[in-house]
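In what follows, a single structure is set out as structure tokens and then discussed.
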Amino acid sequence: MSVLRRAKTWEISESEESDTEKNPNINRGEGSQIITIGTEFIEDQSSDHRSKPSPSSETKSESGHASALCPPRQDGRDTPSPARKRRTKEEIEADRQAAKERKEARERQRAARAREKEEMRQEQQRRREAADNLKSLRPENCLKCLTVCIDPALLQQDGSDILLDTLATFEWRFSIESQQLPHSITWTRDLPQLDHGRGDDGRGSVEEEQAVLVLDLPDFMDIVASVKKMLDSEGEETEVGSFLSSLLECLNRDAKKVVTLLVTDSQPDYSSTCGEHLLDETLHSKLGMEDLDLEEVLVYLQLCKKISLVFLEGWQEVTNHVCAVTKALSKRPFKLLTERAELPFCVDGSWASGVRVERDGSGLIQVWNRQIQQLNRVSPAVASAVTAAYPSPQLLLQAYQSLESEGDRKGLLAGLLVKGGGKERRIGPEISARVYRCFTAQNPQLVLD
């Protein structure tokens, strides 16, 4: 019987090599013959007879040992490696195109991440600017941006130093410069930095609409006489150089200008009421004007030209008025920002008794409950009893229509139980009749009670 075996390794230890060279027939059993060819071992075994090795077999054995001990050839002709499959041009181009697409996808992802990061940075910048803008609009910060501009002609009057000392005490900014309207006080507000690249004019400040014209009693009498003369002449121009001409010119140039006339009395003993009496006496004695004429002049100034008139004792009251206007102007931007809504008095919240209605209709039952509570002497418990029996106004109207007599309709809700305060009671005929009149009356002027 012959057995074919495969060698598990190409290597032969030195001890085995020396033993084989010394005794080629070592470890051969009796009646067996081992022939080594390359890496294969063939064993012939016969159980009936024994044969001696022939010289030819020894020669073959020696040649087999020699071939077994020789290392494998480097050219690979004895043990050929599997052939490597060559790729076609189409496969190479497809792999190149796939690699290019993967690279473009990575670049798109990188660009998307960079774009998201830039948008997040811009959003944070916008929020920061909005917060800074809101902070700058607060009255305490806005007051620092206002400048009180005083005409130099006012400093020639006695007591004008009270205004300057008060402004310096409050550490408010003020400037003394010539105004378009003589004897006036105006206000300017600093604007944030503008972008000149967008075509802005680059103005650093803007003039407020408010203006105060400080006049003494003789100057105001001059204005009254000029207005009276203009009204008698049916709107002809007054003489150039008067206070009225400069005032009308200022109002015609800026229609949004709001001017207030502060009439001061040179005699500090008089109060504002005494100043008005003194004005009446002066107009009667010197100008020959009656009370009706004076009222006609005041109506023209206040209604036609929107000029307010205030009589004050002296510069202390003028200073108080200027300070009040300055504080009001500092609060104006923040109030305009908070009152930007269409209906500022309708605010969401429990304190405003507001009910939010969602898109799915949730919240309508609360609106129906609040609608019934608007009636006089209708408590939340009574409204809850009505809405529990009739969850919608349409159901209540259908119940009224199903009844034939007027008395039954008025008493429809009288028997409903009201639970509140640990007690049970009924709504009663009075409230039931009032609810009936509210939902069925055709007269909008009908008194429910």
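All values below come from the heavy atoms of this structure, side chains included, with hydrogens, waters and symmetry mates left out. Here the structure is a predicted model, which means the values were calculated and not measured. The residues of the chain are indexed from 1 along the displayed sequence.
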Item to check | Whether Arg189 side chain and Leu329 backbone form a donor-acceptor pair below 3.5 Å | outcome: yes
Checklist entry - Is the backbone N or O of Tyr436 less than 3.5 Å from a side-chain atom of Arg409, with the two atoms forming a donor-acceptor pair by type? => result no
Item to check | Taking every non-hydrogen atom, the tightest pair across Ser184 and Leu154 | outcome: O-CD1, 3.8 Å
Listing, residues 107-120 side-chain donor-acceptor contacts under 3.5 Å, not counting sequence neighbours, or none:
from	atom 1	to	atom 2	distance (Å)
Glu118	OE1	Arg121	NE	3.4
Glu118	OE2	Arg121	NH2	2.5
Glu118	OE2	Gln122	NE2	3.3

Identify all side-chain donor-acceptor contacts of residues 357-367 below 3.5 Å with residues at least two apart in sequence or on another chain.
from	atom 1	to	atom 2	distance (Å)
Glu358	OE2	Arg356	NE	3.3
Asp360	OD1	Ser362	N	3.2
Asp360	OD1	Ser362	OG	2.9

Checklist entry - Looking only at side chains, do Asn133 and Glu129 share a donor and an acceptor under 3.5 Å apart? => result no
Checklist entry - What are the two closest non-hydrogen atoms of Arg426 and Val418, and how far apart are they? => result C-CG2, 4.4 Å
Next on the checklist: Tell me which one of Gln210, Glu208, Glu207 satisfies side chain to side chain donor-acceptor pair (under 3.5 Å) with Lys257.
Outcome noted: Glu207
Checklist entry - Counting only heavy atoms not in Gln180, do more than 12 sit closer than 6.0 Å to its CD atom? => result no
Checklist entry - What's the shortest heavy-atom distance between Thr186 and Ala211, and which atoms? => result CG2-CB, 4.1 Å
Checklist entry - Is a salt bridge present between Asp232 and Lys228, judged by a nitrogen-to-oxygen distance below 4.0 Å? => result yes
Item to check | Chi angles and distances behind the side chain to side chain contact (heavy atoms under 4.5 Å, CB included) call for Ile307, Leu251 | outcome: CA-CA 10 Å; Ile307 299 175; Leu251 295 177; 3.7 Å; yes
Checklist entry - How far does OG of Ser402 sit from OH of Tyr400, to the nearest 0.5 angstrom? => result 10.5 Å
Checklist entry - Taking only residues at least two apart or on different chains, which pairs with a member in residues 92-119 satisfy ring-ring contact (aromatic ring centres under 6.0 Å, His included)? => result none
Checklist entry - More than 12 non-hydrogen atoms from neighbouring residues, nucleotides or ligands closer than 6.0 Å to CG on Asn443, yes or no? => result yes
Next on the checklist: Apply side chain to side chain contact (heavy atoms under 4.5 Å, CB included) to residues Gln398 and Leu395 and explain how you reach the verdict.
Outcome noted: CA-CA 5 Å; Gln398 292 177 0; Leu395 295 177; 3.9 Å; yes
Checklist entry - How many angstroms lie between CG in Leu309 and CG in Leu213, if you round to the nearest 0.5 Å? => result 10.5 Å
Next on the checklist: Please determine whether side chain to side chain contact (heavy atoms under 4.5 Å, CB included) holds for the pair Arg425 and Val382, giving the CA-CA distance in whole Å, both sets of side-chain angles, and the decisive distance to 0.1 Å.
Outcome noted: CA-CA 10 Å; Arg425 59 182 180 87; Val382 174; 3.7 Å; yes
Item to check | Thr166 vs Cys323 side-chain heavy atoms within contact, under 4.5 Å | outcome: yes
Checklist outcome for this item: Output for pair (Ser384 OG, Leu416 CG), nearest 0.5 Å, gives 12.0 Å
